[in-house]
Amino acid sequence: MNLEKYLVITDEIKEALANNTPIVALESTILSHGMPYPQNLEFAYKVEEIVRGEGAIPATTAIIGGQLKVGLTKDELELMCKAEDVGKVSRRDVATYVATGKAGATTVATTMMLAAMAGIKIFATGGIGGVHRGAETTMDISADLPELGQTPVAVVGAGAKSLLDIGLTLEYLETLGVPVIGVDTDDFPAFYCRESGFKVDFNAKDPAIIAKILKTKWDLGLGGGALIANPIPEEFALDYNEMEVVILRALEMAKEQGIRGKDTTPFLLKHIKDMTEGVSFASNLELAYNNARVASRISVELAKLS
Ligand code: PSU
Ligand code: MN
């Protein structure tokens with residue numbers, strides 16, 4: 001392996017790694033392919049601020065100029081948010097983007113990869129990709145799931161959107177041996193909604209317990225990641241049935257327009273946002289802020305244990 005040649009970590013993050021300062025990784029696909037400019041830039045700054053406010057260092061990841069970036073400069077963040085000619089990079093695309101110098105936004109899967117390469121254990125996002133509805137015929141299963149099975153990073157997310165088949169997503173995670181830990185919830189959250197009707201494996205009441213479970217998992221030599229399922233704050237939660245109508249309509253539109261493969265998730269996200277006139281977008285922002293807060297607290301607790 002010849003990783004040093006490609007992996008570029010900012011000085012601030014290098015120092016944090018050396019000093020056991022808590023760090024939280026953040027993805028860039030949520031910026032480039034999940035939100036419009038310039039709201040995404042405002043969001044990116046605010047998430048980083050929240051992480052710092054909790055005593056951790058933010059590490060947004062991306063692939064730029066043939067390098068795997070852990071921590072972005074102001075200009076790089078702007079580049080990812082403007083998203084002109086910025087691709088969506090999953091595990092399969094990493095070497096192609098690095099070799100060709102093309103700019104790429106990292107998904108949950110690739111942010112986990114870059115975080116692990118740098119030695120970062122905790123990562124905050126909005127929601128994970130999963131098993132799509134109809135996957136029994138399309139085979140559309142996000143690369144986020146096998147990544148959770150193999151890469152030792154804990155992902156803090158508000159569960160999964162019900163545009164996915166949440167039941168099958170949880171079955172798949174079980175098969176891969178991925179713990180699904182609820183943050184003060186018994187129910188696995190469905191992104192905009194606090195409940196999905198499916199259960200988490202364990203309800204953890206506070207970040208210290210979550211940190212202890214993670215430390216124990218990795219001490220035991222059990223590799224792979226964990227999904228920390230953090231429900232959207234009550235005041236921003238949307239009605240499950242109303243969102244279901246919107247999601248079903250978005251799925252129909254995707255089918256009518258023949259949307260497939262890696263375009264599916266960004267297409268659905270955009271149309272859900274448009275159809276709810278931005279109400280769902282406001283909720284999306286708030287749940288992501290909340291995930292950054294909880295991830296920071298877990299990383300602070302984890303730092304105390306090591
Ligand atoms: N789900 C969301 N918002 C997102 C994504 C998923 O609610 O922004 C993004 C994440 O980057 C995730 C990716 O890793 O989409 C999954 O894409 P796919 O389904 O093509 O694997
Ligand atoms: Mn897919």
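Numbering of ligands and ligand atoms starts at 1, following listing order.
Using a distance-only test at 3.5 Å, with no hydrogens or angles considered, a donor-acceptor pair links the side chain of T169 to the main chain of V131.
Regarding atom 7 (O) of ligand 1, its nearest protein heavy-atom neighbour is K161 NZ, 2.3 Å. Regarding atom 21 (O) of ligand 1, its nearest protein heavy-atom neighbour is S142 OG, 2.7 Å. Closest to atom 13 (C) of ligand 1 among all protein heavy atoms lies D144 OD2, 4.1 Å.
Of the charged side-chain nitrogens involved, none lies within less than 4.0 Å of a carboxylate oxygen, so that K46 and E49 do not count as a salt-bridged pair.
When non-hydrogen atoms are compared, ligand 1 lies under 4.0 Å from neither the backbone nor the side chain of H33. In T265, the part holding a heavy atom less than 4.0 Å from any atom of ligand 1 is the side chain. For T125, no heavy-atom contact with ligand 1 is shorter than 4.0 Å.
Considering backbone and side-chain atoms together, K262 places no N or O closer than 3.5 Å to any N or O of ligand 1.
For the pair H33/K262, no side-chain contact is recorded, criterion being any heavy-atom separation below 4.5 Å from C-beta on.
In summary, the aromatic rings of F43 and Y289 are positioned with their centroids under 6.0 Å apart.
Listed by number with element, the atoms of ligand 1 under 4.0 Å from a non-hydrogen atom of I30 are 8 (O). For ligand 1, the atoms lying closer than 4.0 Å to a non-hydrogen atom of L269 are 2 (C), 3 (N), 4 (C), 7 (O), 8 (O).
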